[in-house]
Structure formats: C-alpha cells, structure tokens
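So you know, we letter chains A, B, ... as the sequences are listed, proteins then strands, and number each from 1. Since this is a predicted model, take the numbers as computed values, not measurements. When reading the values below, keep in mind they use all heavy atoms of this one structure, side chains included, and skip hydrogens, waters and symmetry mates.
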Amino acid sequence: MIRAYSQSSSPEKGFHFYSQMRDKGFRPDPISSSFVLKSCTRISSLVGGRQIHGRILRDGFQSDCQLLTTLMGFYASCDNGTDARKVFDEMPQRDTVAWNVLISCYARNGRTRDALSLFDVMQNPEYGSEPGDVTCLLLLQACAHLGALEFGERIHKYINDHGYGDGLKLCNSLIAMYSRCGCLDKAFEVFQGMPNKNVVSWSAMISGLAMNGHGRNAIEAFIEMQKMGISPDDQTFTGVLSACSHVGLVDEGMRIFESMREFGISPNIHHYGCMVDLLGRSGLLDQAYQLITSMGVKPDSTIWRTLLGACRIHGHVSLAERVVGHLIELKAQEAGDYVLLLNIYASVSDWEKVANVRRLMKEKGIQTTPGCSTTEINGEVHEFVVDDDAHPRKKEIYEMLDEIEKQVKLAGYVADMSAELHDLGAQEKGSALTYHSEKLAIAFGVLATPPNTKIRVAKNLRTCVDCHNFAKVVSSVYNRELEEFKPRDLLPKWEQLGFGTNDFKDNGLSPYWFLMGFKFLSDESGTLLCGMVSYNEGSDKRKPAANFGIHGLWPNYNDGSYPSNCDPDSPFDPSTISGLKRQMQSNWPTLACPSGDGTKFWEHEWEKHGTCSESVLDQEGYFEAALNLKKQVDLLSILQKAGIQPDGRFYSLTSITKAIRDATGYTPGIECNVDASGNSQLYQIYICVDTDGTNLIECPVLPRGKCSSRIEFPSF
DNA sequence: GTAGGGTTAG
C-alpha cells in the first residue's frame, strides 16, 4: 500500500492515497511523507504541504533531518521563506544540505544579501557547517545577481582551496558571476582553464561577451563552439541573439534566428524578445510589431516593453501608444512604461501629451520604481534607496554627503534638475536630487574606503544625468575610480551611463558617420532657393557660406542604421559650447533657410544624435570633435585641387569619389538631390571616423545616394 | 527479498 501511493503516477493521486491510508489508521514512514511532500511541491499545493507538515509532527518525524529539509524545500518553492526558516530553526541538527536549501530559499525570495551572509554564519563554530560545492554554486548565483564581485572572488578562492575547482557546474557559475559583475577577463580566464566545456559553459561565455559589449566575439564564440562539436541549445541562442541585437546585426540575427529549427529548437519568448529588440533598435519598428503579433507564443509585458523602448529611441509616437494599449490590456503597465511614453512625447516636444500622462499617473496614483543602489565594501553589500535612513551609519553618510557636495561644487559641479520627471518645485527638486540612492552609496563608499580605492556602485534603474555628473566630479576630487553598473540588465552599454571605460568599443556603434552637409533646396523649376547659411568670420551679417558646412556627427550601427534621441534627460545646453560658438557659426551653419542663429539646429543634432554617444563625448566634446574633423578634411580644397569646382557644371560621380579617396585614403559616400528636371545635384558627403571621432576609417556601409553618373556641383 | 527521501550551473 505504501508503495502504491509513494510511487503513483500523479501527485494528486499520491496525496489521495496518503489521506486514505491515514484515515484507515496506517502510519506512513518518513520516506513516504517525503514523496508526498515532493508531490505537493510539484503541484504547488500549499494546503497539502501544510497538512503533511502537521502529520510529520504528529507522526514524530521531527528529528528526521532529511525529511525536514524536504519540508523546507517545499516552503521555499511556495515563496514562503518565513516557514522555511521556522522549520530550519526547529531542526535538531543542520547539515550542509539544510543550509543550502535555506540559502537557495533566500536567493529565490529576493533576500539575496541574506543568502550571502549565511556563508559566514554556517561556518560559525556554533553551527560548524562546512560550505560544500553546492553551497558555492548557490552563493555564486547570488553574487551574480547582486553584482557582488568581491564576495564572488572570495567564493572563488574558497572553491580553489577546497579542491572544487574542477567542477563543471562551479566553473560555469564562475563564468556567469564574473560576466555579470563586468569582469570579463576573469570570466574568460575560468573559461579557458576548463579542460571540458559543455553547452552551458559556452552559453555562459557567449552571454557574458554579449552583455559586456563584445557582440562580435560572442558571435565568433557561437561559431567556435559548433566547430568543437557542441550543439547550441535554447539558452545559447538567447545569448547569441542578444549579441546580435547589441551589435545591430539585423541580417546575421535573422539568419541565426531562422537556423534554430535546424537544431530542433523552437523559439521561446526570450528569443522573440531578442529579435524584437534587434529589429526595434535598428528602426525596423513595424517589422518588430509584426513579429510580436505573429509569434506562436503569447506576448508578455516584457516583450511589449522592449518595443516601447525602441519606440522611444526612434521617436515613434503612434506605435508607442499602441504598445501601451497592449500593456494596459495585459494589465501589466508599470510606472516605467508611463515614464517611457512621457519621454517619447517629450522627444517630439508634445508637451500637452506629456502633461496628460503626468496627470494620468497622478490620478492613478502610479508610483515610480524607487531607485536603489548597492555598493560592496570589504565583501559586504550595502543597499541604499532614495532618502535612505535605514543604514546604521546614516548620520556619518549624510555628513559626508554634505561635505562632498561642498567640495564638488567648488570643483564646478552644478546640480542638473532636468533628470527629474516628477512635478516638483525647483527647491524640492534640489533636495530630491541630493538624496538619490546613488549619491548615498557614493558618499558611503568615500566614507568607508581609503583614497585610490575603486568604488563600484550598482543601480537598478538608469543612472540619472545629475548623479552621473556628480560621480564624475567626486572621482576626480576624491581621487577614486568610480564605476557605475547595472548588474541585472542586459542593456547595451550606450544606454548605460558608464565611465572609466571606453564603452563604445565593439558594441556595434564603433564607427561614426561624419556628415559634411551641403544642402540645396530647390523649387519646382530647379532654381536654388537657399543654401547653407553661415556667419562670416568676424561679422554679424548673415550670408550664404561659400564652403561645405557640417551637417552632423552621428554615432551609427555597423549596418548603417543609427539610434536617435537616446537621452531626453540630456537637453542641449548652449553654455557648454560658448567657447566654440564662433567656430560653430562659420562651420556648422543652420541647414534650412536662414532663421535664428543656428542654435536650433545644434540642439537638434545634439539631442537626436549626440545623446547616443554621450558616454564617450559630452556636449562640448561632441561639437569639438566635429569641428576638428572638418579642419582635418577640407573637402572644398580637395575637390578644387582635382579640378572639380562649385561652378554649376556637371562632374562624374566617380571623379568626385576618386578625388576624395585619393586625398584622404578612404571612400566617401556621396548623396544627391534630384531637381525638378531630374538632374542630380551634389547634396552631401559622408566620411566615416572611428570611435574616438578622430581617425578616418573605411565606411562599413555607404548610404544610397540617389546620384546619377553625372552630378551638378552648384555654385555657392 | 526490503530499497527508497533533501540542496545543484548558463
């Protein structure tokens, strides 16, 4: 009979047998109870499990360590950490497995830091339990989740000291932990040191490369693993597809996505999510929308949110509204979604709709997600929220923050209120910014560590511009290396406000297009209406420039598409370029028919394009880089030296291209206007430069230029 | 004839 219910096919049946047995006065043994508990875990029957719990006590099994461990596991699976802990506390003795279940329970229930603290507690002489390989595995996961690098390194050392270093699972977890902490070198070191790598090892490495901005290497690793005879599985594809989306490789991503069926893998929601991200970021928003509506899986809120993010990047208002509609339908809309929508409206200057959304949020009482920052000091993770008053050293922290504020203001830091989307008065804004969780974490870091120590601050939300600026100044004033990162997210780096690293390298944004504009607007008959307008040096009089002007400097994806409006929280600030203004007026004149002093155009270029590379070039650096490039490549004299004059005559496309290639060493992109009589006019010339915005490079893709073989070079 | 139960990688 016991066997009948212990081993019966379905959990429900097993539980039924068990109840019947009890009613007939049979007394089950601990192992049978264990089976039934497992069944309850599987069907997540909290009621059933509680009944078994009661019976275990009545049956006198309360000193059976293994049975109680199963019971803990049951409560843990029901997200009931309190009862799991109660069982644990009442156990007469606890072995390593019991500790492991508690750690796993905490980690699963969001009490990650408590999970980590158990590593020391269990080794305390009072308990004297030795962490085992599984313990390390669980703790490494917790470290990865928290971005707790120091703690992770400690576990790594423990693993080596205890001879667990060859464990496949442990090595795989180490790769993941180091990757998620942004320590790719260490991840790779572990990976390379493994004599046997399985699909998990490769997938971890591929995801690690992808999330750290090495998309191309991730794709290479994907190819390499197959050469080694290891077949990718579903999670490998998630990794490599996210790599494609970070590098902006649409075709490659598509090919890999479609190759999944050859491996017998049907795409899951994560794969679709990557594809939506890939298409969305590349500006193929309608295709992304189509993919969501046609996939065989029910779209979840995450995938809609991905598309919403893409709508923000590309300023696609109507689609964004439709997407929010879907989120509302799913009853899944969160504060962040409204903030995104708000940003989208703001990016197209629809202030009325911005106000509407704000009103709606207020009416619905929607709270924005509280910002939370963590920093790890001496292996201990400290967590801060906005206006935190929970930290034991809060008094010192706030005093330190005051002191830092004074110092950084002396060094030129000015609070940037623009980051705040809340409807606060200016004064309230000031204080809300002062106590952002990030600043508290930084203050604590400065307080608790000696100079020249690297402080790493992890943040759940995007770091606001003000905190970022603040951090920059603090790092120079206090001589610290500050690193901001977002461990739980796979956002490509250009959306993270990072510094200390050149985060543009190898993330698909490596080349800049340098556009030297030359705009002619013609009427129906082909008459030139107005051209580039600029100030003459030293004069206030406006007249058409007799030279090429700068159109813009655009950070691009390698496939020729480009992100735009990346940071609505970073508006154009004319004061940053006051030193460049004269140069700007003569070299970067307004494109359209003359109006204003050009500021509008610069504002447009900064907000649409410059914000997408602001972690590499700040506003001043952005405009400066463009001006320097124009000096470096003097297009007009290059063409004139080749006998190509702005005289209204026709020149061959090849001769123009060749003249520039001969002079610069690189092939330019030539774009034309077509006038009413069908003639091609020279419109603008594309030159590509590297990440730093200084060296010319060969363009990965050239724009389609609408030029015929013979082009008119109108006079200025 | 009397086994059989707990934690675990990307």
(request) Remember a base hit wins even if backbone is also touched, and classify A/I206 as base, sugar-phosphate or nothing at under 4.0 Å, heavy atoms. (result) nothing
(request) For a ring-ring contact (aromatic ring centres under 6.0 Å, His included) with A/Y127, tell me which candidate from A/F119, A/W99, A/F88 qualifies. (result) A/W99
(request) Could you state the atom-to-atom distance from CG of A/L118 to C1' of B/dT7 in whole Å? (result) 13 Å
(request) Would you mind telling me which of B/dG6, B/dG10, B/dA9 lies closest to the side-chain atoms of A/T70? (result) B/dG6
(request) Provide, to the nearest angstrom, the distance between the CD1 atom belonging to A/I103 and the P atom belonging to B/dA9. (result) 14 Å
(request) From the options B/dG4, B/dG10, B/dA9, select the nucleotide whose nearest atom is closest to the side chain of A/S173. (result) B/dA9
(message) Assess whether a salt bridge exists between A/R255 and A/E252, defined as any Lys/Arg side-chain N lying under 4.0 Å from an Asp/Glu carboxylate O.
(response) yes
(message) Can you measure A/Y178 atom OH to B/dA9 atom C1' for me and round it to whole angstrom units?
(response) 16 Å
(message) On the side chain of A/D233, is there an atom forming a donor-acceptor pair with the base of B/dG10 - under 3.5 Å, no angle test?
(response) yes
(request) Determine the interplanar angle of the A/Y272 and A/F257 rings, folded into 0 to 90°, and report it as parallel if under 30°, tilted if 30 to 60°, perpendicular if over 60°. (result) perpendicular
(message) Is there, by distance only and without an angle test, a donor paired with an acceptor across the side chain of A/T69 and the base of B/dG6 below 3.5 Å?
(response) yes
(request) Could you tell me the separation between the CG atom of A/D133 and the P atom of B/dT7, rounded to a whole number of Å? (result) 14 Å
(request) Figure out the CG/C1' separation between A/D166 and B/dA9, and round it to whole Å. (result) 15 Å
(request) For A/L102 and B/dT7, give me the distance from atom CG to atom P, rounded to whole Å. (result) 14 Å
(message) It should be established whether A/Q235 places a side-chain nitrogen or oxygen under 4.0 Å from OP1 or OP2 of nucleotide B/dA9.
(response) no
(message) Under a 4.0 Å threshold between the charged nitrogen and the carboxylate oxygen, would A/D120 count as salt-bridged to A/R154?
(response) yes
(message) Heavy atoms only, 4.0 Å cut-off, all strands: where does A/V97 land among base, sugar-phosphate and nothing?
(response) base
(message) Using the side-chain heavy atoms of A/S104, tell me which of these nucleotides is nearest: B/dA9, B/dT7, B/dG5.
(response) B/dT7
(message) Of the listed nucleotides (B/dA9, B/dT8, B/dG5), which one gets closest to any side-chain atom of A/N172?
(response) B/dA9
(message) Just to be sure I understand the rule, does A/T236 reach a base, reach only the sugar-phosphate, or reach nothing, if contact means heavy atoms closer than 4.0 Å?
(response) base
(message) Could you tell me how far apart A/D234 (CG) and B/dA9 (P) are, to the nearest whole angstrom?
(response) 14 Å
(request) Give a yes or no on whether a salt bridge exists between A/D89 and A/R85, defined as a side-chain N under 4.0 angstrom from a carboxylate O. (result) yes
(request) Specify the separation, in whole Å, of atom CE of A/M72 and atom C1' of B/dG5. (result) 16 Å
(request) May I ask you to verify whether the side chain of A/D95 and the base of B/dG6 hold a donor-acceptor pair under 3.5 Å? (result) yes
(request) Give A/C171 one of three labels, base, sugar-phosphate or nothing, depending on what nucleic acid heavy atoms sit under 4.0 Å from its own. (result) nothing
(request) Please determine if a side-chain N or O atom of A/K38 lies less than 4.0 Å away from the OP1 or OP2 oxygen of B/dT7. (result) yes
(request) List the steps and the verdict of side-chain hydrogen bond (donor to acceptor under 3.5 Å, both in side chains) for A/S201 and A/N198. (result) CA-CA 5 Å; A/S201 329; A/N198 65 3; 2.8 Å; yes
